[in-house]
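Side chains included, hydrogens not; waters and symmetry mates left out as well; all remaining heavy atoms used.
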Amino acid sequence: MPEKLQSSERLRPVDLARAHGLSPQAIRNYEEAGILPAAERSEHGYRRYAPRHAAALTTFLALLPGHGHRTATAILAAVHRGAPDEAFTLIDESHVQLLADRRTLRSVESALRDLAPEPEAATAGTESGPGRAGTFIGPLADELGIRPATLRAWERAGLLRPRRDPQTGYRVYDASAVRDARLTHQLRRGGYPLEGIAPLLDQLRSAGGREPLAEALGDWHTRLRTRARALLGGAAALDAYLERYG
């Protein structure tokens, strides 16, 4: 917790820095970035900070966890140059991004719930089937109700990794490739962008299946809740700062 600064103090950079566990150079950098309002200068050119600067710094540190350094900096810089609407727009954009992240998480969870149980390795070679467990592109496309060309497009995008039958050269989709195709299909039906699916599939593969991924999804929920609370805390701090100094 930062040390409490007396309201009548005139503060040096080192005083303001020490109270918040920062370096004096960081304080000077924050002033140059607009996070702090411009400081008064002594007759010898030294910076002299006031309680308002301490309040601005406290506000910035409250905005930081929810918005990140770049946006938190832009918010206070806008406030200090007399452009509060610009600051409010930046805050709105952070909330929009949080909402988009929540919708993404719901899409992933919905797609995973809708997946049928992963097929057993019981489709091993028959006269018309691939030489090892798996299925060809045509039957898989029929199952999903899409064209084979769509599966090939997903493969080119790095979403699917079928192997090739050594005798025929045909694509063979094993259990994991079928799972990836089903998940991709569910996400696409939900309007999820193609370029955003590959990282999700990579996470599913590295987790070793759907069950281990549940922990990652739980962590994702926790991060979103933490960010939401941080946005609320930052908003309260900014409102108090504007009430007093805006």
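The distance from atom CZ of R179 to atom CG of D174, rounded to the nearest 0.5 Å, is 9.0 Å. Between the OH atom of Y170 and the CD atom of Q167 there is a distance of 11.5 Å, given to the nearest 0.5 Å. Taken from OG1 in T184 to CG in L159, the straight-line distance is 5.0 Å, to the nearest 0.5 Å. Atoms CG and CG, on D180 and L201 in that order, are 5.0 Å from each other to the nearest 0.5 Å. The structure places CG of L238 at 12.5 Å from OG1 of T58, a figure rounded to the nearest 0.5 Å. With rounding to the nearest 0.5 angstrom, the CH2 atom of W220 is 13.0 Å from the OG1 atom of T222.
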Pair up each side-chain donor or acceptor in residues 137-157 with any protein partner under 3.5 Å, not counting sequence neighbours, and list the distances.
| unit_1 | atom_1 | unit_2 | atom_2 | d |
| --- | --- | --- | --- | --- |
| E143 | OE2 | R182 | NE | 2.9 |
| E143 | OE2 | R182 | NH2 | 2.9 |
| E155 | OE1 | R171 | NE | 2.6 |

Give every donor-acceptor pair under 3.5 Å between a side-chain atom in residues 67-78 and any protein atom, sequence neighbours left out.
| unit_1 | atom_1 | unit_2 | atom_2 | d |
| --- | --- | --- | --- | --- |
| H67 | ND1 | S94 | OG | 2.7 |
| H69 | ND1 | T73 | OG1 | 3.4 |
| T73 | OG1 | H69 | O | 2.8 |

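Counting all heavy atoms, side chain and backbone alike, A62 lies closest to A237 at CB-CB, 3.5 Å. Closest of all the heavy-atom pairs between L194 and R188 is N-NH1, 3.4 Å. In plain terms, the two heavy atoms of L57 and L36 that are nearest each other are N-CD2, 3.7 Å. Counting all heavy atoms, side chain and backbone alike, V79 lies closest to A87 at CG2-CB, 3.8 Å.
Residues satisfying the side-chain contact (heavy atoms from CB on, under 4.5 Å) test with R52, not counting sequence neighbours, are P37, H80, Y241, Y245. Residues passing the side-chain contact (heavy atoms from CB on, under 4.5 Å) test with A240, sequence neighbours excluded: none.
Contact of the L11 side chain with the H53 side chain is not registered, since no non-hydrogen atoms from C-beta on lie closer than 4.5 Å. The shortest distance between side-chain heavy atoms of T59 and L242 does not fall below 4.5 Å. At least one side-chain heavy atom of I27 sits less than 4.5 Å from a side-chain heavy atom of L22. A 4.5 Å side-chain heavy-atom check between L105 and H221 finds at least one atom pair inside the cut-off.
The stretch residues 29-39 participates, sequence neighbours left out, in these side chain to side chain donor-acceptor pair (under 3.5 Å) pairs: Q25-N29, E31-R47, E31-Y49. Within the structure, salt bridge (Lys or Arg N to Asp or Glu O under 4.0 Å) contacts touching residues 85-105 (residues at least two apart or in different chains) are R81-E86, D101-R227.
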* Where do D202 and R161 land on the salt bridge (Lys or Arg N to Asp or Glu O under 4.0 Å) test, with the steps shown first? -> CA-CA 11 Å; D202 287 340; R161 301 173 183 175; 3.4 Å; yes
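Within 6.0 Å of CZ on R164 lie more than 12 heavy atoms contributed by other residues, nucleotides or ligands.
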